[in-house]
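Structure, as structure tokens:
Here is the naming used below: chain letters follow the sequence lines, and residue numbers restart at 1 for every chain. No hydrogens, no waters, no symmetry mates; every other heavy atom, side chains included, goes into these values. Being a predicted model, the structure only gives us computed values, none of them experimental.
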Number of protein chains: 4
Amino acid sequence: MNTFGQLLRLTTAGESHGPAITAILDGFPAGITIDFDALQATMDTRRPGQGGATSPRREPDHVELLSGIFDGVSTGSPITISIANTDARSVDYEQFKHIYRPSHADFTYQTKYGIRDYRGGGRASARETALRVAAGALAQMALDQLGIKVFAYTSRIGSVSLDLPLEAIDFEHIYDFPSRCPHADTAARMDEIIQRVRQAGDTVGGIVSGAIAGLPAGLGQPVYHKFHAMLASAMMSINAAKGFEIGMGFEGACRLGSEMNDPFALDANNQITTLTNHSGGVQGGITTGRAVTFRVAFKPVATLAREFKAITDSGQEVTVNGAGRHDVCVVPRAVAVVKAMAALTTLDAILLNKSTHLT
Amino acid sequence: MNTFGQLLRLTTAGESHGPAITAILDGFPAGITIDFDALQATMDTRRPGQGGATSPRREPDHVELLSGIFDGVSTGSPITISIANTDARSVDYEQFKHIYRPSHADFTYQTKYGIRDYRGGGRASARETALRVAAGALAQMALDQLGIKVFAYTSRIGSVSLDLPLEAIDFEHIYDFPSRCPHADTAARMDEIIQRVRQAGDTVGGIVSGAIAGLPAGLGQPVYHKFHAMLASAMMSINAAKGFEIGMGFEGACRLGSEMNDPFALDANNQITTLTNHSGGVQGGITTGRAVTFRVAFKPVATLAREFKAITDSGQEVTVNGAGRHDVCVVPRAVAVVKAMAALTTLDAILLNKSTHLT
Amino acid sequence: MNTFGQLLRLTTAGESHGPAITAILDGFPAGITIDFDALQATMDTRRPGQGGATSPRREPDHVELLSGIFDGVSTGSPITISIANTDARSVDYEQFKHIYRPSHADFTYQTKYGIRDYRGGGRASARETALRVAAGALAQMALDQLGIKVFAYTSRIGSVSLDLPLEAIDFEHIYDFPSRCPHADTAARMDEIIQRVRQAGDTVGGIVSGAIAGLPAGLGQPVYHKFHAMLASAMMSINAAKGFEIGMGFEGACRLGSEMNDPFALDANNQITTLTNHSGGVQGGITTGRAVTFRVAFKPVATLAREFKAITDSGQEVTVNGAGRHDVCVVPRAVAVVKAMAALTTLDAILLNKSTHLT
Amino acid sequence: MNTFGQLLRLTTAGESHGPAITAILDGFPAGITIDFDALQATMDTRRPGQGGATSPRREPDHVELLSGIFDGVSTGSPITISIANTDARSVDYEQFKHIYRPSHADFTYQTKYGIRDYRGGGRASARETALRVAAGALAQMALDQLGIKVFAYTSRIGSVSLDLPLEAIDFEHIYDFPSRCPHADTAARMDEIIQRVRQAGDTVGGIVSGAIAGLPAGLGQPVYHKFHAMLASAMMSINAAKGFEIGMGFEGACRLGSEMNDPFALDANNQITTLTNHSGGVQGGITTGRAVTFRVAFKPVATLAREFKAITDSGQEVTVNGAGRHDVCVVPRAVAVVKAMAALTTLDAILLNKSTHLT
């Protein structure tokens with residue numbers, strides 16, 4: 001079950017401390033020119049070690065594409081994505097062999113499988129998301145040809161949040177800010193929070209907001225594969241994600257219908273559109289042509305940079321010192337992953353939608 | 001794409017105003033005794049026309065099981081679920097042939113397919129969820145044998161919310177309240193809100209909370225089919241659902257790691273458990289053995305019981321009078337659907353988990 | 001696992017002696033006009049009781065389409081196919097409750113599920129194939145719009161075979177012959193065989209040949225979903241099918257490469273084609289544009305119209321008298337099923353192929 | 001669509017002349033000890049360059065397992081299989097850039113995708129089957145724990161065939177013979193044929209027979225995923241495969257029911273079994289507990305070791321000299337691939353069958 005998608009299928013494998021992590025991206029359309037520089041630049045947006053929020057582990061995350069591309073163009077055959085694990089120091093983790101850290105996957109993996117690779121989280125590590133970012137970058141190259149853009153940014157860290165309408169967001173400069181919050185004042189306050197939390201040896205959660213713009217109306221499959229159901233599944237599969245909402249989401253649940261409905265109107269080209277977009281670009285599970293807007297909640301990182309209590313597999317309480325290479329806040333790095341998963345979901349929906357009509 | 005699930009697969013078909021709606025539930029385990037009375041009783045929990053919140057349309061929703069059961073026991077063959085549409089007055093809807101109502105699926109279906117059954121929402125109607133409730137009732141019969149219980153209740157309507165810990169919820173009496181809120185004072189305030197909104201010809205949204213108790217640790221498939229990713233997909237496929245969260249969800253996103261971690265402890269049987277359950281019963285996508293707790297946000301019903309503006313397929317603004325048989329608030333009826341989707345997701349996860357080991 | 005296909009998905013349910021058999025055909029393209037008369041006429045090509053080969057059970061097989069069609073046109077929503085079981089006399093089968101008939105599914109179903117519907121074969125009955133024929137008729141209506149025709153005919157019964165090149169087959173008159181062999185002399189010899197076998201209380205096997213003409217080049221998905229791999233899976237899922245071959249199949253396995261290669265040439269429109277079609281219209285798993293030709297072997301019906309030995313579930317040998325309503329030879333009726341499965345496979349491949357390119 | 005299997009899923013990627021070929025085997029059960037020597041030994045059974053039948057290209061096919069295994073034991077996480085392409089001389093193939101060779105995939109791939117990797121067959125190359133053999137070897141390690149053995153051998157090359165009952169086959173020594181025919185006299189005659197065909201610059205086809213022994217009764221999923229339907233799909237996905245049959249297959253199609261039925265009897269342990277096994281170990285799509293026996297037909301290799309006619313993409317006839325590194329007969333190497341696909345199919349069926357019952 002390590003595969004995501006229906007026609008565009010991403011299958012990933014690999015643990016954080018094995019020789020490499022590997023993905024096969026199947027169903028990618030033929031004839032797309034691959035921009036290798038853009039791919040590597042996208043990888044760098046997920047890199048740890050940028051700013052204060054993230055872990056000092058510095059992997060280059062050099063992506064190799066081993067198949068499916070010929071003379072720089074996709075052939076329609078599956079694309080193999082390989083990223084070597086160059087900075088894996090397994091020795092750090094030997095002490096965790098018999099230890100279950102709280103709010104990690106140690107206990108659940110061991111219970112499920114009867115065995116686990118305890119080095120650095122093994123298969124449960126967020127290292128896996130590097131492959132998603134690479135695959136998402138490829139998906140975006142296809143979406144570019146259709147004028148579809150996917151955006152994501154940090155809209156909350158701890159108590160600091162950014163509440164701007166989509167139109168007011170400066171999407172060009174998201175990656176100029178270590179926090180990935182594209183609003184200088186808010187970003188500064190987020191940086192402060194992160195510094196404070198870091199000094200306390202603690203961690204903090206946050207929210208990533210996303211938008212998919214330039215979508216045609218008609219994407220998404222009723223009933224069980226509604227556009228936002230596929231998106232929710234994509235987002236909730238990201239490590240540490242605990243919530244998903246589309247449009248006005250939970251806030252809209254407290255509102256009246258008369259406030260929430262999106263009235264129709266004609267646009268400059270006399271095409272039907274909506275005046276507002278409370279629905280987040282989807283009605284009945286199918287895109288309206290307005291931007292799809294959504295938010296993903298991330299819990300704080302479970303590994304604290306201080307001593308904390310854990311339990312051994314024989315039930316003894318022990319103390320673990322988490323000081324090391326962990327992120328204080330996963331949200332800035334998650335921005336790239338949210339963006340990638342949205343791009344993959346969108347391209348898959350586009351390919352699926354092609355079978356709606358015979359000709 | 002009208003199928004939900006991996007090994008337990010629910011495929012549904014039918015429109016709100018056709019002769020019947022039909023589902024095939026495939027992969028249901030053999031040897032489960034079917035309690036037909038319990039099935040029909042569960043159907044009644046979803047019935048409209050109960051209390052003030054829901055539509056006066058009163059379908060009996062008599063369920064027929066046409067296959068897969070022999071001498072009252074499941075045979076492992078697919079179960080056909082058929083529910084006749086007895087109260088469909090198509091004449092009501094002829095006026096909508098060329099009209100797109102705001103925040104309905106009229107426009108998006110027409111754009112996607114080039115044709116739509118405009119009678120009563122057609123395929124986009126929440127009528128489809130009756131089949132989910134029937135299938136969920138069957139799934140619950142299997143879960144009963146494992147001691148697994150699924151609960152759902154209304155935790156918010158408009159501005160009124162119920163914030164009780166899981167332990168304090170009286171799950172026995174949820175269906176005694178038209179609002180499906182199992183707390184008399186809060187339920188009374190919800191009833192008031194619904195009356196007020198009804199009188200205003202308006203509608204209102206809300207939140208359904210759910211819990212799955214008695215789960216073993218180890219359910220869920222990393223990476224893309226995490227237990228809560230499957231649950232999110234299930235919930236976001238319900239009509240009008242706009243948000244999903246597990247455990248502390250969006251609120252937890254604003255917290256510190258030191259507050260959120262769930263410390264391990266030993267239970268009365270010396271088995272490893274957690275003292276708190278902020279994670280909502282899942283770590284690394286796999287169940288911990290604690291209850292899975294989640295919330296689903298529903299937007300207000302789009303059809304107002306008053307005149308509202310719509311647009312024709314040729315771009316003319318028109319006025320529609322929605323006074324009729326629509327719900328003021330979908331949440332009380334959605335409780336049964338949330339419960340059903342949780343039961344289906346859980347049983348599917350249990351069946352999938354059986355392939356983890358060879359013997 | 002009662003679903004066939006990738007994007008065009010046929011899910012069937014129902015036993016031979018339940019109230020009805022039901023299918024949901026999902027992924028059928030929107031906008032196809034449904035010819036109800038053609039549908040019913042196709043059903044009649046599978047009817048038993050025609051000619052001497054088949055069982056005297058005479059079901060009308062009246063097909064009801066309960067969803068997915070509006071004003072006679074497909075809407076893109078799933079199509080429910082329902083066929084009532086009108087001629088089911090369960091009393092005939094009570095005697096088989098504890099008996100395993102040789103070369104039937106009695107023993108294997110009981111072993112797998114621990115329970116079985118022993119009336120008339122239950123889920124294992126060829127009654128299920130009526131739904132395939134109905135779904136295939138719908139698929140053919142879509143294929144008609146693309147100029148694609150699917151043919152099938154009886155090419156062997158017992159020792160009598162028809163060995164004509166595709167061009168020499170009179171496809172117009174296949175259904176004029178009870179044996180479904182479109183060559184008068186051969187058909188007469190097949191009828192003789194069937195009479196002789198019937199009089200002996202025995203049964204006999206045979207071969208159905210099929211052809212899919214008018215296909216574009218490029219259908220089929222390497223590597224695991226080659227066009228002929230999907231076709232093989234489709235055909236081998238038919239009751240009593242024991243072999244499949246494409247092009248020259250097993251005979252070609254004994255030949256030299258210099259005999260078997262299909263030389264290229266230009267057709268009348270200066271398009272590349274092949275002079276011969278030994279490959280059966282597929283190279284590397286992808287259609288060449290030439291007709292796909294294939295053959296399916298069917299074993300003799302296991303129920304003999306005489307006394308035969310069986311065993312009880314407690315291991316006692318018993319004698320059963322099979323005189324009743326069984327076919328002497330399944331092949332004439334299987335022709336319609338082979339044709340239907342080929343139509344479904346082809347339409348699915350066409351829909352899948354649409355995702356090869358982005359635009 | 002480069003994935004095979006339902007719960008045990010093999011996804012492969014890579015072209016014959018890229019840097020490596022890669023597979024991800026997902027769903028492999030946890031806790032299986034991996035025998036790396038047995039894996040490499042199995043790879044060697046597929047190696048070209050053994051005996052006279054196969055191509056002189058000598059790849060070591062050194063398999064690397066990059067994930068999913070910890071301390072020599074499977075963890076339940078996906079297993080990455082990587083095999084470097086060490087002997088790829090792309091320069092040989094530049095001449096084929098604009099040329100379609102008869103009965104190759106050149107034309108169909110180019111037509112489907114609008115682009116192709118023309119070096120050595122690209123994605124259509126049988127090089128991909130090395131990954132299947134590796135994955136099949138892993139599957140066999142799991143099957144070994146259940147006492148299930150998969151066998152395959154060459155039963156026909158050109159006009160020479162081996163017709164022995166299963167019991168008379170010496171499965172221990174199959175790989176002692178370059179032809180993979182475990183009968184010394186027949187093997188010698190096959191070697192002669194291959195020499196003669198080689199000297200003529202021609203190629204020849206053949207048949208691989210397979211058997212799966214030690215299976216429990218009850219495997220396989222009715223209706224569309226019958227055990228032999230899954231097996232047929234697996235086998236027909238192998239390069240050059242043109243036919244599949246189970247049990248008596250095409251020959252049985254010409255027989256009487258009274259000859260073909262498999263009478264029941266009790267075995268030494270008083271368990272129900274069958275006296276004969278004409279059905280090939282399957283009834284109603286479900287295994288009987290007797291060995292599953294099947295045959296796969298392979299066409300002759302299309303590349304002749306002499307001059308042959310081809311066509312350019314602009315329609316010009318050209319002459320190509322195929323003298324090079326191609327197999328005279330693919331059958332001896334296909335034996336390992338047939339065996340691997342049978343092992344994968346069987347393990348998948350076993351995992352699927354675990355969901356038949358709840359407990």
Side-chain angles (χ1 to χ4, degrees), chain A residues 1-3 6-7 9-33 64-85 90 97 109-110 112-119 122-125 128 131, chain D residues 1-3 6-7 9-33 64-85 90 97 109-110 112-119 122-125 128 131:
Chain A
M1 307 296 282
N2 290 272
T3 298
Q6 303 289 327
L7 287 181
R9 284 175 304 282
L10 177 67
T11 302
T12 67
E15 291 81 33
S16 61
H17 286 65
I21 52 175
T22 309
I24 296 178
L25 181 63
D26 195 10
F28 193 78
I32 307 293
T33 300
E64 289 183 282
L65 304 181
L66 302 180
S67 68
I69 296 166
F70 190 59
D71 287 346
V73 177
S74 67
T75 63
S77 290
I79 298 173
T80 306
I81 302 170
S82 176
I83 306 177
N85 288 329
S90 298
K97 187 167 183 174
Y109 268 64
Q110 186 72 37
K112 183 179 186 71
Y113 295 112
I115 180 178
R116 78 182 199 279
D117 183 344
Y118 49 78
R119 299 169 304 166
R123 181 65 184 151
S125 165
E128 187 265 354
L131 295 165
Chain D
M1 307 296 282
N2 290 272
T3 298
Q6 304 288 328
L7 287 180
R9 285 175 303 282
L10 177 67
T11 302
T12 67
E15 290 81 33
S16 62
H17 285 64
I21 53 176
T22 310
I24 297 178
L25 181 63
D26 196 10
F28 193 79
I32 307 293
T33 299
E64 288 182 283
L65 304 182
L66 302 180
S67 69
I69 296 165
F70 189 59
D71 286 347
V73 176
S74 66
T75 63
S77 290
I79 298 173
T80 305
I81 303 169
S82 176
I83 307 177
N85 288 328
S90 298
K97 187 169 183 174
Y109 267 65
Q110 186 73 38
K112 182 179 187 71
Y113 294 112
I115 179 177
R116 78 182 200 280
D117 182 344
Y118 49 78
R119 299 169 303 166
R123 181 66 183 150
S125 164
E128 188 265 354
L131 295 166

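Interatomic distance, I69(A) CD1 to E15(D) CD, rounded to the nearest 0.5 Å: 9.0 Å.
If you measure heavy-atom distances from S82(A) to chain D, you find no contacts under 4.5 Å at all. With a 4.5 angstrom heavy-atom cutoff, R9(A) touches chain D only via side-chain atoms.
Highest contact tally toward chain A, considering only K112(D), E64(D), M1(D), is held by M1(D) [criterion: heavy-atom pairs under 4.5 Å]. Ranked by heavy-atom pairs under 4.5 Å with chain D, the first of G122(A), P29(A), G114(A), G76(A) is G76(A).
D117(A) pairs by the side chain to side chain donor-acceptor pair (under 3.5 Å) definition with R119(A), not counting sequence neighbours. For S67(A), the side chain to side chain donor-acceptor pair (under 3.5 Å) test picks out T80(A), with sequence neighbours left out.
Two residues are said to be in side-chain contact when any heavy atoms from C-beta on lie closer than 4.5 Å; R123(A) and P78(D) meet this criterion. Put simply, the side chain of T22(A) reaches to within 4.5 Å of the side chain of L66(D), judged on heavy atoms.
Heavy-atom minimum distance, A30(A) versus Y113(D): CB-O, 3.6 Å.
Checking T3(D), T11(D), T12(D), N2(D) one by one against D26(A), the side chain to side chain donor-acceptor pair (under 3.5 Å) holds for a single residue, N2(D).
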